[in-house]
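Right, one structure below, let's go through it.
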Amino acid sequence: MSQRRLLLFDIDGTLGRHVNEGRNAYDKALRRVFGPNASLGLPQVSFAGATDLAILQHLTQDAPETLTPALQETFFDVLHQEYSAIYKQNPFGLFPGVQEMTEHLSKQSEFLLGLVTGNIETCARTKLGAAGLEKRFRFGGFGNEHHDRNELARIALKRANAFPGSENGFSEIWLTGDTPKDIEAAKTIGAKAVAISSHHYSREDLQAHQPDWVIDDIRELLELLKTSKDS
Ligand SMILES: [Mg+2]
């Protein structure tokens, strides 16, 4: 059996975007679980490339004893409830071409698709499920599992290696994301780093972190995959 190529994807800013919905859900969940003042620090927090656990740890850093494992779990449950309520009104907006590209890739046995996202798993599944993409990404590393995105990449790779049909390993690993943290995570696991420019990070911003490629549109990934195979 020939080796497959592993394609890992970030979600927010890479496959699609919600403008303020994630932040709004976070705000509501913080107030519900930690009290009315808990979200005061939220406006200063950058969500781009961050993991949900890192954001939560940052916002509770003045009273870390309050963040017990049980309360952390409760918070993520409530966060998912708030996200779900928002998504019913306003589903996650996929970028042009993502639907077709992921359908095309997921049908080819040459590729295995997974996620490396700062989203907690329940929110990631809801987000992609609302967009009809959930079954195309059958495993991943998620933002409730570690605060460090590099570790999430390692978790995703470990799951990919254990996935049926992966016994021979992968001929190539690719990680596509929209922030310098995605590039760093790609390098951590020896993946080719594809950076997609966004309103957060321009081509120049991303280039400074030395990804293998910078693209402006996710659809360019198909051409890169083809070119890489031919070379
Ligand atoms: Mg992102």
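Read the numbers this way: they start at 1 and go in the same order the structure lists the ligands and their atoms.
- Electrostatic pairing of D12 and R17 does not count as a salt bridge here, judged by no charged N lying under 4.0 Å from a carboxylate O.
- Using a 4.0 Å cut-off between charged nitrogen and carboxylate oxygen, R154 and E151 count as a salt-bridge pair.
- Protein N/O/S atoms found under 2.8 Å from the Mg ion (ligand 1), listed by chain and residue number: D10 OD2, D12 O, D178 OD1.
- Salt bridge present: R31 and D27 bring a charged side-chain N and a carboxylate O closer than 4.0 Å.
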Evaluation steps, side chain to side chain contact (heavy atoms under 4.5 Å, CB included), between N161 and K158 | CA-CA 5 Å; N161 283 325; K158 196 171 165 189; 5.7 Å; no
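- With respect to Y26, the ring-ring contact (aromatic ring centres under 6.0 Å, His included) criterion is satisfied by exactly one of F75, F34, Y83, F76: F75.
- Taking a cutoff of 4.0 Å between a charged side-chain nitrogen and a carboxylate oxygen, R4 and E110 do not qualify as a salt bridge.
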